[in-house]
Amino acid sequence: MSSSSIFSRSTAAHRRTRQASNSVSPPGPPIPPVDASPNPRPITQLLAFIAVVFLGFLQFLPATHFRHPFDPLRKWVPYDSGSPSSSFSRSVASDDGKIYIVSWMDCLDLRVLAVLVNSTLSNSRKQSPDKVHFRFFIPEGHDNKVSYFKLKVLFPHSDLEIFGQEEVKEKVRTANSGAVYAGHTFEEVAPFLIHTIYSSWSKFIYVSPNVIVKGRIEELFGSDLTSYAVGGIEDCSERLDNYVNSEVLAAIQRTASKPWISVTPYAMEACMFDSSILLIDPRKLDKDLGKAILWWSNVLNWSKRSSSKNPAIALALHGRYFKLSGSWLLGQPKRGTDKERMIIPYDGPMNICSEFGNAPSQSVPGNLWKQYLPPMADKILG
C-alpha cells in the first residue's frame, strides 16, 4: 500500500472526527452572552431616595382610624374631626340640622354615658345616628382621648366630643370673684356658663347624665323658645317655700340692689324649677345669668343644705324661662296612668366619687339600664 493512500485515509478519518466533534452541542436552548449590569442614572437614585423619605414622614401624620383591642370584630373606626385630637374645635355651624346634647359628669362613669347615648338614639326618630351630636364634660384626672375612643367603639357612627371641665370651673371661679362655688355641684350651674367659653355653640339640650331617655329628643329640641333663652320643666310636687323662707327672701329684696332681683314679690307657692333637662339657646342668654345663680347660691348659703335642688336657679330664672312639657319631668314611671315619662332616673350601678377616690355604688340596681347597655360594653369600658 502506498503512502499516499494511507495519508488520504488518515486525512478523511480526521475530517470525520472533526466534523462529529463540531456537530455536538449542549442540550437546551443556547445561552446568550451575558452583558454587564447597567449603572443607574443619578436622577433615578435621587427620586428613589425622596420616595423613601416621603413614606417615612407619612408615619408622623395623625391617625385617621383606630381599633379597640376588645372589639371582637376588630372594626376600623374613623377618627373624625370631633375627636379630642382636634383641640376641641369651638366653631360649630348654628343651623346644620343636628341635635346637640350636652352633659356634665362630676364623677366619671362611662357606663352611665353609654346608657344615656344608646337610650337617646334608640328612641329617636332620626334615621342616622350622626344627626345627634353628644358633648360630654368629664372631670380632670382622666384621659379624654381614652374616654372618647371607648365610647366611639360602641357608637362608631355617632358624633361624640369629650371636653375637660377646668375651663368652665375657672369661669365659675372668676364670675364668683374667686370664691368657692356654694352649690352642691358644678353640674347645676355649668349649662349657663358653657357659652362664655364656646361662644359659637347654637341651641342645645342639657341633660343630667344619670338619666335614661325614653322620649323623642328631636321633639324637645324643636320646641320654640320664643324670646326666651332657657326652656325648663316645673316640678309642682315641690314649691319655692319648701326651700326658702319668705321673710328672708323679702329682706333680701329690700336690702340688696342687684339687677337680677325681682322688683315684685316672689310667688312662694310657685312650682320648683327642675334642671335635670334644659333647652338652651346661648345666643339669647343674659350675660349676668351665671353671676345671678352664683350670687343667690352664696346668699342662701346653699352648700350647707341637704336638698339636691338649688333654689338659686329658680330665683335667678324667675319669670325668665319657657315652660316645657311636664312629660319631660324626671321621675319614675307611674303605673296605671296614661302619662308617660320621657326621662327616668338611671337605675344601674354607678361610681361614687369622694376625696378617697372612686367606689362602686352600693345601691341595688334595677334592670331597665341593661336594655340600653350595648353588647361588649363591660369589656370595652372596663
Side-chain angles (χ1 to χ4, degrees), residues 88 90 92 94 100-106 135-140 163-209 225 227-234 240 243-244 249 252-253 256-263 266 272-305 307-324:
F88 307 122
R90 298 174 184 178
V92 181
S94 58
Y100 291 93
I101 298 177
V102 178
S103 191
W104 178 287
M105 179 167 271
D106 286 317
R135 293 162 169 162
F136 295 137
F137 287 81
I138 66 173
E140 287 71 36
F163 297 85
Q165 298 177 348
E166 187 54 38
E167 281 187 283
V168 179
K169 289 182 177 180
E170 182 61 32
K171 204 72 176 181
V172 172
R173 286 189 286 266
T174 302
N176 206 26
S177 302
V180 177
Y181 173 51
H184 278 283
T185 168
F186 282 96
E187 180 184 335
E188 59 191 11
V189 71
F192 307 105
L193 290 171
I194 288 174
H195 73 286
T196 60
I197 299 174
Y198 304 95
S199 57
S200 62
W201 283 15
S202 58
K203 184 169 70 170
F204 62 87
I205 293 174
Y206 181 87
V207 60
S208 170
L225 294 178
S227 60
Y228 294 100
V230 179
I233 294 94
E234 293 183 341
L240 182 61
Y243 294 85
V244 183
L249 192 57
I252 294 174
Q253 284 186 277
S257 58
K258 295 292 182 180
W260 47 76
I261 298 179
S262 175
V263 295
Y266 289 94
M272 275 295 292
F273 183 86
D274 187 271
S275 57
S276 298
I277 188 166
L278 305 168
L279 181 61
I280 297 177
D281 189 343
R283 296 166 294 188
K284 301 177 184 178
L285 273 177
D286 189 331
K287 63 179 181 179
D288 291 329
L289 180 57
K291 290 183 179 180
I293 296 174
L294 296 172
W295 185 86
W296 277 112
S297 296
N298 291 332
V299 169
L300 299 175
N301 198 17
W302 199 247
S303 62
K304 296 182 179 180
R305 310 296 178 89
S307 175
S308 59
K309 288 187 178 180
N310 189 346
I313 299 176
L315 293 171
L317 286 172
H318 177 72
R320 300 164 67 184
Y321 68 91
F322 179 81
K323 297 178 183 179
L324 298 173

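Nothing here was measured: the structure is a model prediction, and the numbers come from that model.
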What distance do [X] atom [atom1] and [Y] atom [atom2] have between them, rounded to the nearest 0.5 Å?
{"X": "M272", "Y": "L240", "atom1": "CE", "atom2": "CG", "result": "6.5 Å"}
{"X": "R135", "Y": "Y206", "atom1": "CZ", "atom2": "OH", "result": "14.0 Å"}
{"X": "I197", "Y": "H195", "atom1": "CD1", "atom2": "NE2", "result": "10.0 Å"}
{"X": "I205", "Y": "L324", "atom1": "CD1", "atom2": "CG", "result": "9.0 Å"}

Item checked: Test side chain to side chain contact (heavy atoms under 4.5 Å, CB included) applied to M105 and F136, step by step -> CA-CA 8 Å; M105 179 167 271; F136 295 137; over 6 Å; no
Check: Taking only residues two or more places apart in sequence or in another chain, which ones pass salt bridge (Lys or Arg N to Asp or Glu O under 4.0 Å) with K171?
Finding: none
Checklist line | salt bridge (Lys or Arg N to Asp or Glu O under 4.0 Å) partners of D288, counting only residues at least two apart | finding: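 Checked D288 against salt bridge (Lys or Arg N to Asp or Glu O under 4.0 Å); zero matches.
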Heavy-atom pair with the smallest gap, counting every atom of [X] and [Y]:
{"X": "K284", "Y": "S227", "answer": "CD-O, 4.2 Å"}
{"X": "A312", "Y": "L300", "answer": "N-CD1, 4.4 Å"}
{"X": "F137", "Y": "Q165", "answer": "O-NE2, 3.1 Å"}
{"X": "G164", "Y": "E140", "answer": "C-OE2, 4.2 Å"}
{"X": "L225", "Y": "V230", "answer": "CD2-C, 4.2 Å"}
{"X": "S297", "Y": "N310", "answer": "OG-ND2, 3.2 Å"}

Check: Just wondering, are more than 12 heavy atoms of other shown residues or ligands nearer than 6.0 Å to NZ in K323?
Finding: no
Notebook entry, point to check: Name the one of S275, S208, S103 that satisfies side chain to side chain donor-acceptor pair (under 3.5 Å) with E187?
Noted result: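 With E187 as partner, S275, S208, S103 yield a single side chain to side chain donor-acceptor pair (under 3.5 Å), made by S208.
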Would you indicate whether the side-chain heavy atoms of [Y] and [X] approach each other to under 4.5 Å?
{"X": "Y198", "Y": "E167", "value": "yes"}
{"X": "W296", "Y": "I252", "value": "yes"}
{"X": "W104", "Y": "P191", "value": "no"}
{"X": "L279", "Y": "Y228", "value": "no"}
{"X": "L315", "Y": "L249", "value": "yes"}
{"X": "L289", "Y": "L317", "value": "yes"}

Next item on the list: Please confirm whether W201 and F163 have ring centers closer than 6.0 angstrom.
Entry: yes
Notebook entry, point to check: Who pairs with Q253 by side chain to side chain donor-acceptor pair (under 3.5 Å), at least two apart in sequence or on another chain?
Noted result: none
Margin query: Taking side chain to side chain donor-acceptor pair (under 3.5 Å) as the definition, give me every residue that meets it alongside Y321, ordered by chain and number, with sequence neighbours left out.
Written below: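 Partners of Y321 under the side chain to side chain donor-acceptor pair (under 3.5 Å) test: E234.
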Checklist line | Residue list, side-chain contact (heavy atoms from CB on, under 4.5 Å) with A292, at least two apart or on another chain | finding: W260, A316
Next item on the list: Using the test ring-ring contact (aromatic ring centres under 6.0 Å, His included), find all partners of H318 that sit at least two apart in sequence or belong to another chain.
Entry: Y266
Next item on the list: Tell me, with the steps shown, if E166 and K169 meet salt bridge (charged side-chain N to carboxylate O under 4.0 Å, His left out).
Entry: CA-CA 5 Å; E166 187 54 38; K169 289 182 177 180; 5.7 Å; no
